[in-house]
Amino acid sequence: MNRDLVLTNIGTIVSGDMEKGILKGDTVVVRDGKIAAVGARQEVDTSGIDLIVDTDGQTVCPGFIDCHVHNTLDDYAPQRGAVGTYSDALYGGTTTLCSEGEQAPGWPRFYDDPIGCKAAAIMAHRVFRRYRPGGALKVHGGALVLVHGLTEEDFRQMHEAGVWLIAEIGGGGLSDPAEVAPMLEWARKYHFFYSVHLAPPSIPGSSWVTSEEILKLRPNKVAHTNGGSTAVAFHHIQRLMDECDIPLELVVNGNFVNFNKMLRHMSRKGELGRLVFGSDAPTGQASLPGAINRAIVKASCLNDIPAWQVIAMATGNAADLYGLNTGKIEVGREADLQVIDCPPGSCGKDALSAIEGGDPFGNDMVIVDGRIVAYRGKDSRPTARTCRIEGVEQFVTGITEHLFFPPQICRHYEGCEAVERASDAR
């Protein structure tokens, strides 16, 4: 399938970079699955590319990155009894997921089983090196749950097998700083990424973790800082915002008050670059394929934050945090892109003004590694405008197709080279 294309007649190019903001130009050129040029149509080289997408003045931004999922080994959410959960997220514009610990009935994480947890992490990592839900979704899987009995040799072996994530500490397994401190020394030695959740016990097996423990453990990220879904007292959040520089994750169905208070405070501090989004899906209240889309609208319209900055939280901030070569529109990055627009009749004239006005935006096209994945997700709003390929509009033709069969055109990849490269780079 073609990995070269040109997106042109773009109304707004949102970089996904908190510093660069909105880029000049109306064209993005993709060659061999990577962004090759960004600028004005007459100034960029489009030679040799036959696939030209006319976006009709819509907005182009990076694909979203969900920093917090509890996936299984395939496209199934057992707690919800839902098939196709991750594919739906892909078709709505979320092109990358990062695991915070795989789970399913009987999994070793629920039984303090070090051999099983080690094996599960290696297995999940290897599955998602070669499998993309929905044919294109990039899943960074294989997040180790810390349990009694793990040794430094286990961490060395997992590192050699490519595992680089530790599941949120406090969401299951061990969380006492005295117990996990030696394991985190090994984790740092072997370049693991680890997070700690900030929450009281919300499900069986989870732990009460406060700002005091987090400041001792110094994680790469604080998971569901605003509550998952129950929140700690706000003074714990205040400490983490003001007394450290650890990146902080917001989940759309955590505590709503804390979600907004955090955004306003971090905006005043000029530290929105520390914020990322997660869904905590598919468990509990957060089984939402469109969770990141909803978080973007809610964060922007309720807190007077420009939409392009909130999109950066869902894209470039997350890419920087995890060390991924996606999430931003810049030359050399993986071409994980989407075309978005205001819905028909919106209060806004384009996607950004619709978001700032509180309307859910529509998703008109999803692109992963330069390949067109879908023209609209199953739960995306219609768009006021539609893309044209070779002069032909690509749109949903009627109510049945709109509700049940939106056009999706991708096929499953033979492998997941981009995820494999990201793992190998560590």
Side-chain angles (χ1 to χ4, degrees), residues 2-16 22-23 25-30 33 35 37-39 41 44 46 49 51-65 89-96 134 136-137 290 292-293 296-297 307-308 310-312 314-315 326-330 333-344 346 348-355 359-396 402 406-410:
N2 199 334
R3 300 179 70 196
D4 298 346
L5 61 80
V6 175
L7 292 170
T8 193
N9 194 19
I10 302 169
T12 304
I13 303 174
V14 179
S15 69
I22 294 172
L23 302 177
D26 62 0
T27 299
V28 176
V29 180
V30 176
I35 297 170
V38 181
R41 175 69 183 270
V44 296
T46 63
I49 300 178
L51 182 55
I52 309 295
V53 178
D54 183 337
T55 69
D56 194 23
Q58 298 183 81
T59 299
V60 172
C61 70
F64 302 141
I65 301 171
L90 168 68
Y91 300 143
T94 295
T95 55
T96 299
L137 181 65
I292 306 304
N293 308 51
I296 287 168
V297 175
W308 68 263
V310 179
I311 289 173
T315 55
T326 184
K328 296 181 183 180
I329 297 181
E330 64 181 21
R333 294 261 178 173
E334 295 155 19
D336 300 347
L337 307 167
Q338 54 183 319
V339 181
I340 60 176
D341 198 17
C342 58
S346 171
K349 60 179 175 49
D350 58 15
L352 300 187
S353 56
I355 289 167
D359 276 340
F361 57 93
N363 189 297
D364 195 38
M365 181 175 286
V366 181
I367 297 163
V368 178
D369 289 333
R371 307 183 191 206
I372 298 174
V373 172
Y375 294 120
R376 192 184 65 78
K378 291 183 181 177
D379 196 32
S380 174
R381 297 299 85 195
T383 52
R385 291 163 284 192
T386 56
C387 292
R388 293 179 176 85
I389 298 177
E390 296 180 354
V392 179
E393 282 190 298
Q394 310 296 327
F395 60 93
V396 176
H402 169 80
Q408 295 147 8
I409 62 173
C410 67

Spatial distance of atom [atom1] ([X]) from atom [atom2] ([Y]) [nearest 0.5 Å]:
X      : Y      : atom1 : atom2 : value
Ile355 : Ser346 : CD1   : OG    : 9.5 Å
Ile367 : Glu334 : CD1   : CD    : 14.5 Å
Asp54  : Glu390 : CG    : CD    : 12.5 Å
Thr59  : Asp364 : OG1   : CG    : 11.0 Å
Phe64  : Thr315 : CZ    : OG1   : 7.5 Å
Leu7   : Thr27  : CG    : OG1   : 8.5 Å

What's the shortest heavy-atom distance between [X] and [Y], and which atoms?
X      : Y      : value
Asp350 : Cys342 : O-CB, 3.5 Å
Lys328 : Ile35  : O-CD1, 3.8 Å
Ala314 : Ile296 : CB-CD1, 3.8 Å
Pro343 : Ala354 : CD-CB, 4.3 Å
Ser353 : Gly348 : OG-CA, 3.3 Å
Tyr91  : Gly134 : OH-O, 3.3 Å

Do any N or O atoms from the side chain of [X] and from the backbone of [Y] form a donor-acceptor pair under 3.5 angstrom?
X      : Y      : result
Asp26  : Ile10  : no
Tyr375 : Cys387 : no
Asp336 : Thr96  : no
Gln338 : Pro62  : yes
Thr55  : Asn9   : yes

I want to check something: taking the side chain as every heavy atom from C-beta on, are [X] and [Y] in contact at a cut-off of under 4.5 Å?
X      : Y      : result
Ile389 : Met365 : yes
Val339 : Val53  : no
Ile340 : Asn293 : no
Val29  : Ile49  : yes
Leu137 : Val373 : no
Trp308 : Thr12  : no

So Asp4 and Leu51, side chain to side chain contact (heavy atoms under 4.5 Å, CB included) or not? Walk me through it.
CA-CA 7 Å; Asp4 298 346; Leu51 182 55; over 6 Å; no
What residues, two or more places apart in sequence or in another chain, satisfy side chain to side chain donor-acceptor pair (under 3.5 Å) together with Glu330?
Lys20, Arg333
For Asp341, enumerate each residue passing the side chain to side chain donor-acceptor pair (under 3.5 Å) test, keeping only those at least two apart in sequence or located in another chain.
Arg385
Check step by step if side chain to side chain contact (heavy atoms under 4.5 Å, CB included) holds for Val30 and Leu337.
CA-CA 10 Å; Val30 176; Leu337 307 167; 4.2 Å; yes
Walk me through it: do Thr46 and Thr8 pass the test side chain to side chain contact (heavy atoms under 4.5 Å, CB included)?
CA-CA 10 Å; Thr46 63; Thr8 193; over 6 Å; no
Asp56: which residues meet the salt bridge (Lys or Arg N to Asp or Glu O under 4.0 Å) condition with it, sequence neighbours left out?
Arg388
